[in-house]
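Down below is the structure, laid out as structure tokens.
Just so it is clear, the model here is predicted, and its values are computed rather than measured. Each chain gets a letter, A, B and so on, in the order its sequence line appears, and its residues count up from 1.
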Amino acid sequence: MGLSIEMKFQELVFDVVKEIPEGETLTYKQVAKMAGKPKAYRAVGNILNKNFDPAIPCHRVVRSDGKIGGYNRGESYKRKILKLEGAPI
DNA sequence: CATTTGACGCCAA
DNA sequence: TTTGGCGCCAAAT
């Protein structure tokens, strides 16, 4: 029976991001690696960019350079949320 | 099916 | 330290 779990990279990324606890942050590269493709960090950014689902705390994904990164609702808002959550960033 | 798009990452200067 | 440029990949068109 071809019931092999076949998740798209996009689904895996969303799943990983959904599991990020409050006050924690992951880098795009880390998320890509956890999703099974350590070199797809570029695609991760693109995927999160299209996500407007508030159930996915995509604001907890930051750059490896220590910068905030972007956010489809405004980078300022992203930084504010991270500060409110007490993220080490 | 081919090309373009980007919320990135890393290195050299 | 900061900046510019190249590489990298999935999804959209």
Both distances below 3.5 Å, Watson-Crick or wobble geometry, any strand: find the nucleotide opposite dT1(C). none

Contact check, side chains of Leu12(A) and Lys37(A), non-hydrogen atoms, under 4.5 Å: no

Provide, to the nearest angstrom, the distance between the CZ atom belonging to Phe14(A) and the C1' atom belonging to dA11(C). 11 Å

Lys50(A) side-chain proximity, nearest of dA7(B), dA11(C), dC8(C): dA11(C)

Nearest whole Å is fine: how far is dG6(B) P from Leu48(A) CG? 15 Å

Closest listed nucleotide, where the reference is the side chain of Lys39(A) and the choices are dC9(C), dA7(B), dT5(B): dC9(C)

What is the distance from CG of Asn46(A) to P of dT5(B), rounded to the nearest Å? 11 Å

Measure from CD1 on Ile47(A) to P on dG6(B) and round the result to the nearest Å. 15 Å

Under 4.0 Å: is that the gap between some side-chain N or O of Arg63(A) and OP1 or OP2 of dA7(B)? no

Could you check which of dA10(C), dA7(B), dA11(C) has an atom nearest any side-chain atom of Lys8(A)? dA11(C)

Please report the shortest heavy-atom distance between His59(A) and Leu82(A), naming the atom on each side. O-CD2, 3.4 Å

Which of the following nucleotides, dC8(C), dC10(B), dA7(B), is nearest to the side chain of Tyr28(A)? dA7(B)

Rounded distance in Å - CG (Asn72(A)) to C1' (dG6(B)): 13 Å

Roughly, in whole Å, what's the span from OH in Tyr41(A) to P in dA11(C)? 16 Å

Using a 3.5 Å distance criterion without hydrogens, assess whether the side chain of Lys78(A) forms a donor-acceptor pair with backbone atoms of Ile68(A). yes

What does Phe9(A) touch in the nucleic acid at a heavy-atom separation under 4.0 angstrom: a base, only the sugar-phosphate, or nothing? sugar-phosphate

Whether Asp65(A) and Arg63(A) form a salt bridge (side-chain N of Lys/Arg under 4.0 Å from carboxylate O of Asp/Glu) is what I want to check. yes

Given dA7(B), dG9(B), dC9(C), identify the nucleotide with an atom nearest to the side chain of Ser64(A). dG9(B)

To the nearest Å, give me how far apart NZ (Lys33(A)) and C1' (dA10(C)) are. 20 Å

Between dA7(B), dC10(B), dA10(C), which nucleotide gets closest to the side-chain atoms of Lys37(A)? dA10(C)

Below 4.5 Å, heavy atoms only, C-beta onward: do Ile20(A) and Val61(A) meet side chain to side chain? yes

Report the distance from atom NZ of Lys67(A) to atom P of dC10(B), rounded to the nearest whole Å. 13 Å

Could you check whether Gln10(A) gets within reach of a base, just the sugar-phosphate, or nothing at all, counting any heavy atom under 4.0 Å? sugar-phosphate

Pairing nucleotide - dA10(C), Watson-Crick or G-U, each distance under 3.5 Å: dT5(B)

